[in-house]
Amino acid sequence: MEIWIPITIGAAIAQTLRFMLQKRLKGMALSTAGATFARFIYSSPLVAVIAITYATSSGQGLPDLPAAFWPYAFAGGTSQILATMCVVALFSHRNFAVGITFKKTEVLLSAFFGFLILGDTFTTLTIVAMLIGLAGVLLLSDPPGGVGPWHKRVFNRATALGLGAGVLFGISGNGYRGASLSLGDGDVFYRAIVTLAIVTAFQTLAMALWLVWRERGEIMRVLCAWRVAGLVGITSMIGSICWFTAFTLQNAAYVNAVGQIELLFSLIIGAFVFGEKIGKREWQGLLLLTCSIVMLVLLL
């Protein structure tokens, strides 16, 4: 088994735990932006320490950042902030497992953005897998017990948030891969951790400025919720290190395809932690998305 596969599975586990904790934060009277900020404020200092320690101990020193690094890093960091906010906001509309499933439309989109951004290509069978996944998304987007015209039930706020998260995460994964690959020198982990340290520092600063401007007092509420928010930061750090390393080793579409195992983890957490039940139509949507995921994994 190639090393990037278990690394990706580790990233999916950590990310599922982080979203679980962020859902709890959302229930602790924190805003969507506040729950999003928690992942950055508590993880960025830890990532910086790891990056400095590794760069020093490995003798690789400070990185030489080329001009091409910055557009990739900023695009990836900004899109990840917006994508995380979409997912946290989505939890107010649908249950945990379905919310994560909406977010995982990124695997249907990352290949496309990889083609646009990095010149990656995909086959006809990959397109078929994406269309099967699209059918699953349409089933999931129809609210339980919905009434009225089909198009109004399907094209709703939950759909927009879920698909928005998928698009933005698809962009961020390719942005991070581009930024990491632009660092010509250094081993895989060095390039991944340096990219992560710079991106998370930028994200923390950007989110802090936003909260000071738009949501006064929210930063203090995040700090007061440190018991849960701190765990959000730790799981975020672990997940991000794994994601960035995997993106450095392999095509973002391949990594996101294997990362779909997060769906199974979210179902387990939704059932055993939040006591959620999934309806028949939602199971059908999850099944179609799972078929799409399996096809992509086999094809990739």
Side-chain angles (χ1 to χ4, degrees), residues 14-48 73-96 98-106 109 156-173 175-176 196-240 243-244 262 266 269 274:
Q15 183 160 282
T16 305
L17 293 173
R18 172 170 64 81
F19 281 130
M20 177 193 74
L21 292 166
Q22 284 184 300
K23 182 170 183 176
R24 288 207 179 278
L25 279 179
K26 192 77 166 72
M28 296 170 65
L30 290 184
S31 69
T32 296
T36 303
F37 178 64
R39 71 164 294 191
F40 301 123
I41 186 61
Y42 288 102
S43 66
S44 59
L46 299 174
V47 173
F74 288 147
T78 302
S79 58
Q80 187 182 42
I81 289 174
L82 297 173
T84 304
M85 292 179 70
C86 284
V87 173
V88 174
L90 180 60
F91 290 147
S92 299
H93 295 269
R94 303 299 293 274
N95 68 32
F96 184 75
V98 176
I100 291 296
T101 303
F102 268 123
K103 177 260 177 191
K104 298 309 286 184
T105 54
E106 66 185 306
L109 298 163
N156 50 49
R157 181 175 172 81
T159 306
L161 289 171
L163 294 180
V167 170
L168 291 164
F169 273 121
I171 294 172
S172 70
Y176 293 151
L196 177 59
I198 293 172
V199 168
T200 53
F202 158 70
Q203 290 171 321
T204 302
L205 177 60
M207 286 295 299
L209 292 174
W210 172 265
L211 290 175
V212 168
W213 178 42
R214 302 292 295 179
E215 300 183 28
R216 291 187 179 275
E218 188 66 16
I219 292 179
M220 186 55 64
R221 285 189 286 273
V222 172
L223 296 178
C224 289
W226 63 270
R227 288 178 178 83
V228 177
L231 291 175
V232 169
I234 291 172
T235 53
S236 174
M237 178 195 70
I238 295 171
S240 295
W243 285 123
F244 274 61
E262 182 184 352
S266 67
I269 287 178
F274 297 114

Taking all atoms of both residues into account, what is the closest heavy-atom pair of [X] and [Y], and its distance?
{"X": "Pro45", "Y": "Phe40", "result": "CD-O, 4.3 Å"}
{"X": "Ala206", "Y": "Ile81", "result": "CB-CD1, 4.4 Å"}
{"X": "Ala48", "Y": "Ala197", "result": "CA-CB, 4.4 Å"}
{"X": "Leu211", "Y": "Ala33", "result": "CD2-CB, 3.7 Å"}
{"X": "Ser31", "Y": "Glu218", "result": "N-OE2, 2.9 Å"}
{"X": "Leu30", "Y": "Val222", "result": "CD2-N, 4.0 Å"}

So, taking the atom named [atom1] in [X] and the one named [atom2] in [Y], what distance separates them when rounded to the nearest 0.5 Å?
{"X": "Leu17", "Y": "Ile234", "atom1": "CG", "atom2": "CD1", "result": "12.0 Å"}
{"X": "Tyr176", "Y": "Ile171", "atom1": "OH", "atom2": "CD1", "result": "11.5 Å"}
{"X": "Trp243", "Y": "Gln15", "atom1": "CH2", "atom2": "CD", "result": "5.5 Å"}
{"X": "Ser44", "Y": "Leu196", "atom1": "OG", "atom2": "CG", "result": "9.5 Å"}
{"X": "Leu205", "Y": "Thr200", "atom1": "CG", "atom2": "OG1", "result": "11.5 Å"}

Query raised in the report: What residue among Thr36, Leu168, Thr32 forms side-chain contact (heavy atoms from CB on, under 4.5 Å) with Thr84?
Result: Thr36
Query raised in the report: Does any pair with a residue in residues 197-216 pass salt bridge (charged side-chain N to carboxylate O under 4.0 Å, His left out), and if so which ones, sequence neighbours excluded?
Result: none
Report summary line: By side-chain contact (heavy atoms from CB on, under 4.5 Å), Leu223 pairs with (sequence neighbours left out) Tyr42, Ile219
**Report entry** Residues in side-chain contact (heavy atoms from CB on, under 4.5 Å) contact with Ser236, at least two apart in sequence or another chain
**Finding:** Arg18, Arg39, Ser43, Ser240
Query raised in the report: Can you find a heavy atom in the side chain of Thr78 that is under 4.5 Å from one in the side chain of Phe202?
Result: yes
Query raised in the report: Taking the side chain as C-beta and beyond, is there a heavy-atom pair between Val199 and Phe74 under 4.5 Å?
Result: no
